[in-house]
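This report refers to the structure that appears directly beneath it.
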Amino acid sequence: MKDHIAQIVGDALHALKAELPDLEVPISVAVERTRDPKHGDFASNVAMALAKKAGLPPRALAEKIVGALPDNDAIDSVQIAGPGFINFTLARGQAQALVFQILDAGERYGQSNTGQGEKVLVEFVSANPTGPLHVGHGRHAAYGECVSALLKATGHDVTKEYYVNDAGRQMDILAASVWLRYLEHAGETVPFPANGYRGDYIKTIAAGLHNSEGDALRHAADAVVSGLPADEADGGDKDAYIDAVIARARDLLGDDAYERVHRTGLDAILDDIRDDLAGFGVTMDAYFSERSLTGDGTVDKALERLADHDNTFEQDGAVWFKATRYGDDKDRVVVRANGQRTYIASDIAYHLDKRLRGFDRLLDILGSDHHGYVARVRAGLEAMGQPGDSLEVQLMQFVSLFRNGEKVAMTTRGGQFVTLRELRDEVGNDAARFFYVLRSNDQHLDFDLDLAKSKREENPVYYVQYAHARICQMLEKLPEQQLTHDESRARENIARLEQDKELALIKTLARYPEQVAIAARDRAPQTIVHYLRELSADLHSFYNDRNCRVIIDDHALRDARVALVRATRQVLRNGLGLLGVSAPARM
RNA sequence: GCCCCGGUAGCUCAGUUGGAUAGAGCAUCAGAUUCCUAAUCUGAGGGUCAGAGGUUCGAAUCCUCUUCGGGGCACCA
């Protein structure tokens, strides 16, 4: 309907062109839903926007536009108001027809094809596989999953991917940590490095390793620690110490055994992450290994491409990428003096690989602490002949947990939970998914645990779910009371929905497809959350109105109202589905 | 020093990409249940949209400056 009005206003403008040569007809005419029912159903501000160029006062231009509007059965009246708004009021019965559009479309109501099949790679979470996911990653997971669902709903071809940082020093520290815990488990007494991973999950992995390998990886404690530099506790440098431990592990174990330890740690943690995400309703299409980029020559290929375009140079024994040519603030090392590639080399290669796999848009969801990384990767893409704007980055601000009104310490010490799994256990998946997308991604999130757990009225998750359950319960009442629902009779009588609460509900239902489109465009799931709260409020308000009771003797009106609440239920389901929150039939 | 994000009601935050009288939840106060689930509803109070300029018919929204808060500026990832 909105598009239809924009169309006829556009037609009117074209018709006026003969009379007003200075009039500029815009490509798309702005038509908005009115907030105040006194302003009709839809309003356009074109007269104000075009008045100056047309050489007429806004209201006078509005008069001319209204005069040039073609006759239209769907529109009851057109009025000029305020500084020059043109307000449209729909004909009686027009709005109500929407109820059956929704019921006919079912779960497709709200979907569109604005994306036109654009191939989008959404990369999110991508947490280093050195331990379980924490509550910060949970926000990334919920947001990424929801944005992906929104993009799919608007006709994008979406692939969800987790980039596994399985190369590099972090993973060596993990391997060393596992091995040391393994040695302890085998009965050796070795000090644990200040910079090692201290979590209990390492001990679990080590115990499993001991189980499968027996004492094959065991070396005497003396051989392990002799000649190592001092750790932090002894006044030394913790980084130098852990590096020495890693070197010692490689030396004593040999490449094959070291690799087994490395793999065991990585696989165990990645399995845990995958399981955690699946339990949270977040499913990746692929887990992409950083190591594979080196193994299959993708990194070399990327480095060659940079060199081909004269975008690299050597200095101090290292190879540098001239990132400043492409808008970065500094040039970046891609190959260190010791011959190792830096992470930025892998990242550039990874993004090149995404492009070579045919993705139009590379959507990265990253922590706000990664913002400096954006210019680097974009520079890399451009230097390799790829469009820089194919990379889009959404930065996520941090999460703070609150319990009893106080901020929960987020350090790994202290026994306060920090993992996503613990959060899910405590508040449930529905509340977690809902709360995580409640706020804009560039807004810091205060996660109130007590509120999320509360089964009372102040909890917004229940407010929406309750609206859905209420409808289900009403519909179950029909057969219980030997009442039938006749859909064709409902179609004939739908125009009998004329109560204020009914019309308000229909108006909100009509907005859903636009809300989905906006949410997808802006990568803003909170738009859907806010919409669902409004829709639920309209439903509850309708429900509490004595003039709007559904279970009544008047067949015709009852059928119309049943159709209305069924349409509402459908939209609640569709919206909750986008958020990954369940729609219970009873509560 | 440079870069990114934010500052809207007592609190937590929306604000449809510049529109009509700036909204919601919580909290506070006053009400509603012989009647489809009160996890609900109805109503009231509550604002210098951080501050100052600018752009224009019109600014919370766009531009500039100031200020406060978070984050980032490695041959770590």
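Numbered from 1 within each chain, the chains take letters A, B, ... in sequence-line order.
- A centroid separation of less than 6.0 Å is found between the aromatic rings of A/Y436 and A/F447.
- Closest to the side chain of A/R586, from the set B/U37, B/A77, B/C13, is B/U37.
- Residue-level contact check: A/Y543 touches the bases, meaning some heavy atom is under 4.0 Å from a base atom.
- A donor-acceptor contact under 3.5 angstrom links the side chains of A/H485 and A/D559, judged on distance only.
- With B/G71, B/C4, B/U37 as the candidates, the nucleotide lying closest to the side chain of A/L395 is B/C4.
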Audit row: A/T324, A/D331, side-chain hydrogen bond (donor to acceptor under 3.5 Å, both in side chains) steps and yes/no | CA-CA 6 Å; A/T324 46; A/D331 291 331; 2.7 Å; yes

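- Side-chain contact annotation: A/E290 with A/N165, donor-acceptor N/O pair under 3.5 Å present.
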Can you name the atoms? Protein N/O to nucleotides 17-21 of chain B N/O, anything below 3.5 Å, with the distance.
unit_1, atom_1, unit_2, atom_2, d
B/G19, N7, A/N45, ND2, 2.7
B/A20, N6, A/N87, OD1, 2.8
B/A20, N1, A/N87, OD1, 3.3
B/A20, N1, A/N87, ND2, 3.2

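- Among the nucleotides B/C76, B/C75, B/C13, the one closest to any side-chain atom of A/D316 is B/C75.
- Under the 3.5 Å distance criterion, with hydrogens and angles disregarded, a donor-acceptor pair is assigned to the side chains of A/N311 and A/Y326.
- Look at the C1' atom in both B/C62 and B/U17: the space between them is 11 Å, to the nearest Å.
- For B/C41, neither phosphate oxygen OP1 nor OP2 lies less than 4.0 angstrom from any side-chain nitrogen or oxygen of A/K501.
- On the C1' atoms, B/A9 is 23 Å away from B/C5, given to the nearest whole Å.
- Side-chain proximity of A/Q473 to the nucleotides B/A74, B/A77, B/U37 is greatest for B/U37.
- Cation-pi check for A/R511 over A/Y531 is not met; the charged atom does not lie both under 6.0 angstrom from the ring centroid and within 45 degrees of its normal.
- For the residue pair A/H468 and A/R573, a side-chain donor N or O sits within less than 3.5 Å of a side-chain acceptor on the partner.
- Of the P atoms belonging to B/U16 and B/C63, the separation is 15 Å, rounded to the nearest Å.
- If you take atom C1' in B/G71 and the same atom in B/A52, they sit 27 Å apart, rounded to whole Å.
- Remark: A/K477 is not in phosphate contact with B/C35, judged by side-chain N or O atoms under 4.0 Å from OP1 or OP2.
- Rounded to whole Å, the P atom of B/A27 lies 41 Å from the corresponding atom of B/U64.
- Taken residue by residue, residues 523-531 of chain A places heavy atoms nearer than 4.0 Å to RNA chain B at A/Q526, A/H530.
- Nearest-nucleotide assignment on RNA chain B puts the 5′-proximal partner with A/A585, out of A/A585 and A/S536.
- Checking B/A77, B/G71, B/U40 against every side-chain atom of A/N165, the shortest atom distance belongs to B/A77.
- Listed by residue number, the members of residues 559-567 of chain A with any heavy atom below 4.0 angstrom from RNA chain B form an empty set.
- No engagement by A/R511 is indicated, since no non-hydrogen atom pair under 4.0 Å with the nucleic acid exists.
- Here A/Y463 reaches the OP1 or OP2 of B/C41: one of its side-chain N or O atoms lies under 4.0 Å away.
- Of the P atoms belonging to B/C2 and B/U56, the separation is 30 Å, rounded to the nearest Å.
- Below the 3.5 angstrom threshold, one finds a donor paired with an acceptor across the side chain of A/H371 and the base of B/G71.
- Residue A/Q340 places no side-chain N or O under 4.0 Å from the OP1 or OP2 atom of B/C76.
- If you look at A/F124 and A/Y162, their ring centroids are not closer than 6.0 Å.
- On a pure distance criterion of 3.5 Å, a polar donor-acceptor pair joins the side chain of A/Y343 and the base of B/A77.
- Centroid-to-centroid, the aromatic rings of A/Y463 and A/H540 come within less than 6.0 Å.
- Nucleotides B/C41 and B/A24 are separated by 13 Å at their P atoms, to the nearest Å.
- Among the atoms of the strands shown, only primed sugar atoms or phosphate atoms (P, OP1, OP2) are found under 4.0 Å from some heavy atom of A/S440.
- Between A/S400 and A/H444, the closest side-chain pair of non-hydrogen atoms falls below 4.5 Å.
- With hydrogens and angles left out, the side-chain atoms of A/Y143 and A/Q526 include no donor and acceptor closer than 3.5 Å.
- Out of B/C13, B/G72, B/A77, the shortest distance to the side chain of A/D446 is found at B/C13.
- Contact annotation: the side chain of A/V334 never approaches that of A/R341 to less than 4.5 Å [non-hydrogen atoms, C-beta and beyond].
- Nucleic acid contact for A/R332: none, since no nucleic acid atom lies under 4.0 Å from a heavy atom of the residue.
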Apply salt bridge (charged side-chain N to carboxylate O under 4.0 Å, His left out) to A/R558 and A/D486, showing your working.
-> CA-CA 9 Å; A/R558 185 180 70 227; A/D486 183 328; over 6 Å; no

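- For the C1' atoms, the distance linking B/G54 with B/A59 amounts to 11 Å, nearest Å.
- Partner of A/V516 under the side chain to side chain contact (heavy atoms under 4.5 Å, CB included) criterion, chosen from A/T154, A/T527, A/N574: A/T154.
- Using a 4.0 Å heavy-atom criterion, one finds that A/R470 contacts the sugar-phosphate atoms exclusively.
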